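To keep things clear, I will list the structure first and then write my remarks on it.
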Amino acid sequence: MEVGATLPAQRFPVNREMLVRYAGASGDFNPIHWNERFARDVGLPDVIAHGMFTMAEAVRVVTDWTGDPGSVVEYGVRFTKPVVVPDDGVGAVVEVSGRVAAKDDEERTVRVDLTAVCDGRKVLGMARAVVRLP
């Protein structure tokens with residue numbers, strides 16, 4: 001694995017049903033993630049996806065690439081823009097790509113920088129995963 005290598009890009013659909021399921025699994029029932037009226041009342045354009053949900057979807061590019069979720073030894077992001085999820089029967093799509101940005105031969109790790117975009121806007125910044133190689 002060399003610096004500059006790209007991972008297969010993926011597209012992740014996000015709809016309201018997924019948000020409700022995630023809320024139940026995570027215990028995060030903040031109404032901005034399921035109640036359009038509330039979301040608009042607090043100044044959002046519509047319901048938005050949970051940040052941690054978006055973060056989890058994005059790292060799937062890495063875990064699908066390695067075939068082992070346990071290979072990710074470090075992962076962090078900055079939330080830059082919300083993923084707006086309209087109630088239109090389609091929802092939103094988060095497009096994620098990755099590139100090997102650094103390699104540590106001694107530790108047998110690589111750092112993968114991820115780019116996550118929804119509706120042409122970058123929704124995660126500084127998205128980086130450190131992966132232990134086999």
Side-chain angles (χ1 to χ4, degrees):
M1 186 52 44
E2 297 303 320
V3 171
T6 58
L7 282 62
Q10 295 188 49
R11 297 169 48 92
F12 300 101
V14 184
N15 61 43
R16 297 279 180 95
E17 179 184 350
M18 292 171 163
L19 300 183
V20 170
R21 289 176 184 269
Y22 183 83
S26 69
D28 181 353
F29 293 102
N30 187 326
I32 64 173
H33 302 303
W34 57 269
N35 184 314
E36 185 175 328
R37 181 180 39 81
F38 184 88
R40 289 183 189 278
D41 285 350
V42 299
L44 295 168
D46 206 330
V47 165
I48 63 171
H50 303 74
M52 296 300 284
F53 174 85
T54 304
M55 185 179 179
E57 289 291 89
V59 81
R60 287 177 52 194
V61 166
V62 176
T63 59
D64 288 354
W65 173 65
T66 65
D68 177 13
S71 66
V72 177
V73 296
E74 185 179 321
Y75 179 47
V77 306
R78 289 188 182 159
F79 302 107
T80 57
K81 299 282 185 196
V83 174
V84 178
V85 184
D87 189 17
D88 60 1
V90 177
V93 175
V94 177
E95 300 175 50
V96 183
S97 60
R99 181 182 69 80
V100 175
K103 183 177 181 180
D104 185 332
D105 290 325
E106 185 175 310
E107 294 292 324
R108 297 203 39 77
T109 61
V110 295
R111 188 188 84 217
V112 176
D113 290 354
L114 297 169
T115 301
V117 176
C118 182
D119 288 332
R121 300 180 329 172
K122 195 171 179 182
V123 296
L124 298 177
M126 300 291 292
R128 296 178 171 172
V130 176
V131 178
R132 184 156 328 277
L133 300 172

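These values consider heavy atoms only, across backbone and side chains, with no hydrogens, waters or symmetry-generated copies. Since this is a predicted model, take the numbers as computed values, not measurements.
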Worksheet item: Considering all heavy atoms of both residues, which atom of Val3 and which atom of Ala101 are nearest to each other, and what is their separation?
Response: CG1-O, 3.7 Å

Discussion item. Is there a path of hydrophobic side-chain contacts, each under 4.5 Å between heavy atoms of I/L/V/M/F/W/Y residues, joining Phe29 to Val83?
Written reply: no

Item to complete: Please examine the side chains of Phe53 and Val14, heavy atoms only from C-beta on, and report whether any two atoms are closer than 4.5 Å.
Response: yes

Worksheet item: Considering residues, nucleotides and ligands other than Asn35, do more than 12 of their heavy atoms fall under 6.0 Å from its CG?
Response: yes

Discussion item. Test of understanding: with ring pair (Phe, Tyr, Trp, His ring centres under 6.0 Å), list the residues that count as partners of His50, not counting sequence neighbours.
Written reply: Tyr22, His33

Worksheet item: How close do Leu124 and Met55 get, heavy atom to heavy atom, and via which atoms?
Response: CD1-CA, 4.3 Å

Response to the item:
Heavy-atom nearest pair, Arg99 first then Leu7, reads N-CD1, 4.3 Å

Worksheet item: When rounded to the nearest 0.5 angstrom, what distance separates CZ in Arg11 from CD in Glu57?
Response: 13.5 Å

Discussion item. Test: ring-ring contact (aromatic ring centres under 6.0 Å, His included). Region: residues 56-89. Which pairs qualify, not counting sequence neighbours?
Written reply: none

Worksheet item: Is Val100 reachable from Val72 through a run of hydrophobic residues whose side-chain heavy atoms are each under 4.5 Å from the next?
Response: yes

Worksheet entry | Interatomic spacing from CD in Glu74 to OG1 in Thr109 - rounded to 0.5 Å | 9.0 Å

Worksheet entry | Separation between CZ of Arg108 and CZ of Arg132, rounded to the nearest 0.5 Å | 9.5 Å

Worksheet entry | Verify same cluster id: Val90, Val93 (apolar side-chain graph, 4.5 Å) | no

Worksheet, complete the sentence: NZ of Lys103 to CG of Leu133, rounded to nearest 0.5 Å, is 7.0 Å

Item to complete: Find the distance between CZ (Arg128) and CZ (Arg111) and round it off to the nearest 0.5 Å.
Response: 4.0 Å

Worksheet item: Any side-chain heavy-atom pair from Pro82 and Arg121 closer than 4.5 angstrom?
Response: yes

Worksheet item: Gln10 and Arg60: which non-hydrogen atoms are nearest, and at how many Å?
Response: NE2-O, 3.8 Å

Practice prompt. Spell out, yes or no, whether Met52 and Phe12 are grouped together once hydrophobic residues are joined by side-chain heavy atoms under 4.5 Å, including indirect joins.
Written response: yes

Item to complete: Establish whether Trp34 and Met18 are linked, either directly or via other cluster members, by ILVMFWY side-chain heavy-atom contacts under 4.5 Å.
Response: no

Discussion item. For a 4.5 angstrom cut-off between non-hydrogen side-chain atoms, does Val20 reach Arg16?
Written reply: no

Discussion item. Show the nearest heavy-atom pair for residues Asp46 and Glu36, with the distance to one decimal.
Written reply: OD1-CG, 3.3 Å

Worksheet item: Does Arg40 reach the main-chain N or O of Pro45 with its side chain, forming a donor-acceptor pair under 3.5 Å?
Response: yes

Discussion item. If you compare all heavy atoms of Thr66 against all heavy atoms of Ser71, which two are closest, and at what distance to 0.1 Å?
Written reply: OG1-OG, 3.0 Å

